[in-house]
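Here the structure comes first, spelled out in structure tokens, and everything after it is commentary.
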Protein chains: 2
Amino acid sequence: MPENRDSNQILSTKEKIMNASMKLFSELGYKNASVRKIAVAVGIRESALYNHFKNKEDIFLCVASEIFNSPFNNDDSPALTSTQLSNPKSYLQKFVTEYKLVTFDKTQESLFRILMIELLQNKALREGFLNEFHNKNIKVLSGIFFTLMQNGVVRSSDPILMAHEFIAPLFYLRLHVTLLRIDNLSTSNLSSQFEKHVDFFWESIKV
Amino acid sequence: MPENRDSNQILSTKEKIMNASMKLFSELGYKNASVRKIAVAVGIRESALYNHFKNKEDIFLCVASEIFNSPFNNDDSPALTSTQLSNPKSYLQKFVTEYKLVTFDKTQESLFRILMIELLQNKALREGFLNEFHNKNIKVLSGIFFTLMQNGVVRSSDPILMAHEFIAPLFYLRLHVTLLRIDNLSTSNLSSQFEKHVDFFWESIKV
DNA sequence: AGAATATATTAACACTTGTTCATATATAAT
DNA sequence: ATTATATATGAACAAGTGTTAATATATTCT
């Protein structure tokens with residue numbers, strides 16, 4: 001069963017299809033990324049694709065399943081330790097640094113493009129967006145803000161609202177960066193905005 | 001020349017095409033909204049469309065041209081008068097009320113969907129988004145924040161950054177609302193968030 | 001009224017789409 | 001070496017795409 005690649009370097013055909021599909025879906029969207037274009041990019045005939053995937057939708061779902069598997073999303077927002085409680089701003093900075101990293105990562109950028117392109121057309125992606133992107137972040141952040149409020153290190157407010165106010169500018173920045181990069185425009189102005197956001201936000205909530 | 005409608009009530013075929021196209025583009029995107037589907041929605045054969053528009057792209061451009069003609073975008077953010085300077089929070093509230101109105105307006109929602117669906121595929125829409133949606137708002141708001149800072153009614157900071165922090169949660173909310181509405185989910189929770197945002201933001205910047 | 005114009009229809013076109021089938025060629029197992 | 005399995009090819013399919021041409025039917029103008 002030669003399912004996986006033989007060596008570490010040489011990619012299996014299935015992996016090649018995945019990579020080519022990710023690229024094409026992120027550039028053209030689902031409908032415009034035709035089976036033939038994918039096959040050409042891989043270097044095989046379109047009929048050969050069907051030895052590895054059931055159909056086109058199967059390819060897409062396989063690629064799309066990676067969207068919400070970001071390392072950031074999984075588990076890089078640990079609970080607030082006592083040391084972090086003594087310096088909560090650095091926690092927010094750490095969060096934003098991670099967010100920024102994901103924003104500028106090439107693979108994550110492709111997946112984000114696919115997400116944004118198909119977000120309004122694909123119900124599963126919408127649900128993933130709301131659950132994995134939004135709700136999960138809101139839950140983690142609001143929990144932290146709640147603790148910080150209880151300990152009196154940030155001003156009293158609705159923790160969920162505060163989480164919203166913290167995450168929204170980050171998402172907006174990420175979308176902005178993504179749009180500029182499509183046209184190969186400079187994002188250097190935006191790059192520093194991530195850190196500025198933390199500074200501004202911390203000034204907004206500290207007691 | 002029977003170009004315009006005869007009465008005020010009866011729509012011309014061209015207007016019917018526009019309405020049907022706006023609906024279909026906003027639900028299916030450019031590629032999936034086929035000329036035949038549009039024709040069926042209007043109630044004519046597809047070839048008759050070509051008496052009113054050069055081709056499919058012409059229809060789309062005609063619809064898309066309305067996206068950045070929102071009443072909000074045009075001219076509803078007047079300069080800061082002396083009375084508004086004495087109560088700057090109410091100005092922000094007025095701004096957000098207008099933004100909220102646009103968010104929940106049916107026509108504006110359809111146009112916003114088209115924008116979001118084609119944003120990553122259509123360069124003209126990207127430029128429109130950055131110039132008309134983003135930059136224009138940032139310019140107006142940062143000018144206001146600058147004045148408010150000079151008069152010492154809000155805390156000192158970068159006005160552009162502050163404008164960014166103000167507008168981003170509004171956009172994020174609008175996107176959120178749009179996504180929920182596609183699936184006919186309740187947006188009552190989000191509705192009140194617009195006002196909460198102003199309250200939180202004002203607490204963040206007042207001296 | 002008839003002529004001119006605007007708008008509709010029917011039919012066809014060249015092309016692209018996703019998918020399937022029979023068949024050929026590698027690769028692995030016995 | 002022979003068999004079995006995995007993967008490739010080429011051809012074809014039915015369906016859908018945007019667009020055009022010839023023609024018919026309204027509508028408006030004189």
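Letters A, B, ... mirror the listed sequences (proteins, then strands); counts begin at 1.
- For the residue pair B:Asn32 and A:Lys31, a side-chain donor N or O sits within less than 3.5 Å of a side-chain acceptor on the partner.
- Per the geometry, OH belonging to B:Tyr50 stands 12 Å off P belonging to D:dA21, to the nearest Å.
- In this structure, CG of B:Leu49 is placed 12 Å from C1' of C:dT7, rounded to the nearest angstrom.
- If you find the closest nucleotide of DNA chain D to A:Glu46 and to A:Thr13, the one lying nearer the 5' end belongs to A:Thr13.
- Atom P of nucleotide D:dT7 and atom CZ of A:Phe53 are separated by 12 Å, given to the nearest angstrom.
- A close approach under 4.0 Å does occur between a side-chain nitrogen or oxygen of A:Arg45 and OP1 or OP2 of D:dG10.
- Between the side chain of B:Gln193 and the main chain of A:Leu161, no donor-acceptor pair closer than 3.5 Å is present.
- For DNA chain D, if you chain together Watson-Crick or G-U pairs that step i with j, i+1 with j-1 and so on, the runs of at least three with distances under 3.5 Å are C:1-22 with D:9-30, C:24-30 with D:1-7.
- Computed from coordinates, the A:Ile59 CD1 to C:dG18 P distance equals 9 Å when rounded to whole Å.
- Other residues, nucleotides and ligands contribute over 12 non-hydrogen atoms within 6.0 Å of the NZ atom of A:Lys89.
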Protein-nucleotides 14-17 of chain D N/O pairs under 3.5 Å:
from	atom 1	to	atom 2	distance (Å)
D:dT17	OP1	B:Ser34	OG	3.2

Practice item. Please assess A:Tyr172 against B:His134 for the test side chain to side chain donor-acceptor pair (under 3.5 Å), listing each intermediate value before the final yes or no. Key: CA-CA 10 Å; A:Tyr172 194 70; B:His134 179 71; 2.7 Å; yes
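- Regarding A:Asp58, its CG atom lies at a distance of 14 Å from the P atom of C:dG18, rounded to whole Å.
- With B:Tyr99 as the aromatic partner, B:Lys94 does not meet the cation-pi criteria of under 6.0 angstrom to the ring centre and within 45 degrees of the ring axis.
- Checking side-chain atoms of B:Lys56 against main-chain N and O of B:Ala33 turns up a donor-acceptor pair under 3.5 Å.
- More than 12 heavy-atom neighbours from other residues, nucleotides or ligands sit within 6.0 angstrom of CD1 on A:Ile138.
- For A:Asn51 against D:dA8, a side-chain-to-base donor-acceptor contact under 3.5 Å is present.
- For D:dA6, neither phosphate oxygen OP1 nor OP2 lies less than 4.0 angstrom from any side-chain nitrogen or oxygen of A:His52.
- Salt-bridge check for B:Glu195 with B:Lys100: passed, with a basic side-chain N closer than 4.0 Å to an acidic carboxylate O.
- If you take CG of A:Leu24 and P of C:dT17, they are 12 Å apart, rounded to a whole angstrom.
- Salt-bridge formation is not detected for the pair B:Arg155/A:Glu203: no Lys NZ or Arg NE/NH1/NH2 atom is positioned less than 4.0 Å from an Asp or Glu carboxylate oxygen.
- As rounded to whole Å, 11 Å separates atom P of D:dT7 from atom CD1 of A:Ile44.
- The distance between atom NZ of B:Lys16 and atom P of C:dT7, rounded to the nearest whole Å, is 12 Å.
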